[in-house]
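Here is the structure we will look at.
Each ligand, and each atom within it, is numbered from 1 in the order the structure gives.
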Amino acid sequence: MPTASTPTTWRTEAKSFGRLLLYRGDITRIDTDAVVNAANSSLLGGGGVDGAIHRAGGPEILEACRRLRAGYYGKGLRTGEAVITTGGRLPARHVVHTVGPVWNGGHKQEPELLANCYRNSLRLATENQLRSIAFPGISTGVYGYPKAEATAIAVREVRAFLEQHDLPQEVVFVTFDEASFQLYERELE
Ligand code: APR
């Protein structure tokens, strides 16, 4: 009897809204072509979803991030930007690392920077011919972005991007708690 949220059964638990899916669970169990990591600018790991992805994905991901840091991203990844690496041992082939804005009252370009996280992650998915990509709630944990506003930006930006692009074919919003799930459900319905 497969346990819940194994790489293949998550789809039966996800709610479908056309090319957008909504799922409540652990993003490290999702077998989309890529999963997005809510990273920090060091790209060298952290807590939250960053910690979960590195723990489940293994050292290959960190090694790939270190190579990025040794090269073009010597000073780290700027807020709103995104890079792609191997998914290591994850069910997902790739990880797209993006750095969300730390919430600072909303008058320091946070909305624009958060929107850039989604746009730049999706741009990488298109450039790499990925069919599917899964997003956590970027910035809505440690970075303190109010969940309702962050969810509205996430859904708006993904919808706008998919209207202009055939790839990725599918985008999955992965929420970790019921409150977030309901916020996405309200935005998507
Ligand atoms: N799967 C899906 N979602 C998760 C998981 C998981 N395994 N773990 C946490 N989340 C959710 C959180 O509940 C939150 O809604 O991901 C969202 C983002 O939370 P954080 O991981 O704290 O990310 P963020 O708020 O963007 O802060 C980034 O935290 O972990 C550090 O290194 C990271 O410094 C960076 C900062």
Side-chain angles (χ1 to χ4, degrees), residues 3-7 9-11 13-15 21-32 34-58 61-62 64-66 68-69 73 75-83 85 87-92 95-106 108-118 120-121 132-155 157-158 171-187:
T3 54
S5 76
T6 55
T9 58
W10 67 270
R11 281 181 183 283
E13 297 156 20
K15 200 165 177 182
L21 295 182
L22 175 60
Y23 172 66
R24 181 180 171 200
D26 182 347
I27 199 166
T28 66
R29 307 301 300 142
I30 302 288
D31 65 344
T32 43
V35 292
V36 176
N37 179 24
N40 60 58
S41 57
S42 77
L43 281 178
L44 302 179
V49 74
D50 197 5
I53 283 176
H54 280 281
R55 250 189 327 277
I61 301 177
L62 188 57
C65 288
R66 284 218 171 94
L68 290 168
R69 285 299 311 273
Y73 293 95
K75 292 196 173 48
L77 190 61
R78 290 211 308 263
T79 302
E81 294 199 348
V83 291
T85 67
R89 292 199 298 262
L90 291 175
V95 177
V96 171
H97 306 262
T98 190
V99 180
V102 177
W103 179 253
N104 209 334
K108 294 219 176 6
Q109 305 288 321
E110 294 98 319
E112 191 59 21
L113 289 167
L114 184 61
N116 288 344
C117 287
Y118 288 92
N120 287 323
S121 300
S132 58
I133 185 167
F135 283 95
I138 297 165
S139 283
T140 62
V142 164
Y143 281 3
Y145 209 112
K147 289 185 186 269
E149 285 80 357
T151 302
I153 289 171
V155 172
E157 289 303 323
V158 170
V171 176
V172 187
F173 291 113
V174 182
T175 60
F176 213 44
D177 57 77
E178 186 55 30
S180 301
F181 184 88
Q182 288 176 12
L183 285 170
Y184 273 94
E185 209 172 29
R186 203 174 310 146
E187 281 297 327

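The number of heavy-atom neighbours closer than 6.0 Å to CD of Q109, taken from other residues, nucleotides and ligands shown, is 12 or below.
One option in L43, T151, V49 has a heavy atom closer to atom 21 (O) of ligand 1 than any other, and that option is V49. For atom 17 (C) of ligand 1, the nearest non-hydrogen atom from the set G144, A52, G137, P101 comes from G137.
Judged by distance alone, the side chain of S121 and the main-chain N or O of Y118 form no donor-acceptor pair under 3.5 Å.
For A38, heavy-atom contacts with ligand 1 shorter than 4.0 Å involve the backbone as well as the side chain.
Checked against a 3.5 angstrom limit, the closest N/O atoms of N40 and ligand 1 fall inside it. Checking only distances, P136 never comes within under 3.5 Å of ligand 1, N or O to N or O. Inclusion of V142 in the set of residues having an N or O under 3.5 Å from an N or O of ligand 1 is warranted. An N or O contact shorter than 3.5 Å links G47 to ligand 1 by distance.
Look at T28 and you'll find every heavy atom at least 4.0 Å from all atoms of ligand 1. Within the 4.0 Å heavy-atom shell around ligand 1 one finds S139. Distances shorter than 4.0 angstrom do not occur between any heavy atom of S42 and any atom of ligand 1.
Of the protein's non-hydrogen atoms, the one nearest atom 35 (C) of ligand 1 is Y143 OH, 3.5 Å. Looking from atom 25 (O) of ligand 1 to the surrounding protein, the closest heavy atom is G141 N, 2.8 Å. In terms of protein heavy-atom proximity, atom 1 (N) of ligand 1 is nearest to I27 N, 3.0 Å. Nearest to atom 12 (C) of ligand 1 among the protein's heavy atoms is F176 CB, 4.3 Å.
Near D26, with a cut-off below 4.0 Å to any heavy atom, the atoms of ligand 1 are 1 (N), 6 (C), 7 (N). Close approach of ligand 1 to K147 (heavy-atom distance below 4.0 Å) involves ligand atoms 15 (O). In summary, the atoms of ligand 1 found under 4.0 Å from a heavy atom of G46, numbered by their order in the structure, are 30 (O), 32 (O). The distance from ligand 1 to the heavy atoms of D50 drops below 4.0 Å at these ligand atoms: 30 (O), 32 (O), 33 (C). Close approach of ligand 1 to G25 (heavy-atom distance below 4.0 Å) involves ligand atoms 1 (N), 2 (C). Interface of T140 with ligand 1, defined as ligand atoms under 4.0 Å from a residue heavy atom, comprises 14 (C), 15 (O), 17 (C), 25 (O).
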(Q) Please determine whether side-chain hydrogen bond (donor to acceptor under 3.5 Å, both in side chains) holds for the pair W10 and D31, giving the CA-CA distance in whole Å, both sets of side-chain angles, and the decisive distance to 0.1 Å. (A) CA-CA 9 Å; W10 67 270; D31 65 344; 2.7 Å; yes
Q) Can D50 and R55 be said to form a salt bridge (charged side-chain N to carboxylate O under 4.0 Å, His left out), step by step? A) CA-CA 9 Å; D50 197 5; R55 250 189 327 277; over 6 Å; no
Q.
Please evaluate residues L77 and V83 with respect to the criterion side-chain contact (heavy atoms from CB on, under 4.5 Å), reporting the C-alpha separation (whole Å), side-chain torsions for both, the decisive distance (0.1 Å), and the verdict.
A. CA-CA 8 Å; L77 190 61; V83 291; 3.7 Å; yes
Q) Is there a side-chain contact (heavy atoms from CB on, under 4.5 Å) between I153 and Y145 once you walk through the steps? A) CA-CA 11 Å; I153 289 171; Y145 209 112; 3.4 Å; yes
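With contacts defined as side-chain heavy-atom distances shorter than 4.5 Å, the pair I133/V35 does not qualify. In this structure, the side chains of V171 and L21 stay at 4.5 Å or more apart for every pair of heavy atoms. Using a 4.5 Å heavy-atom cutoff, the side chains of T98 and E81 are not in contact. Within the 4.5 Å cutoff, no side-chain heavy atoms of F176 are placed close to those of R24.
Annotation: Y143 is not in aromatic contact with W103 [ring centroid separation under 6.0 Å not met].
The line from OG of S180 to CD of E185 is 12.0 Å long, rounded to the nearest 0.5 Å.
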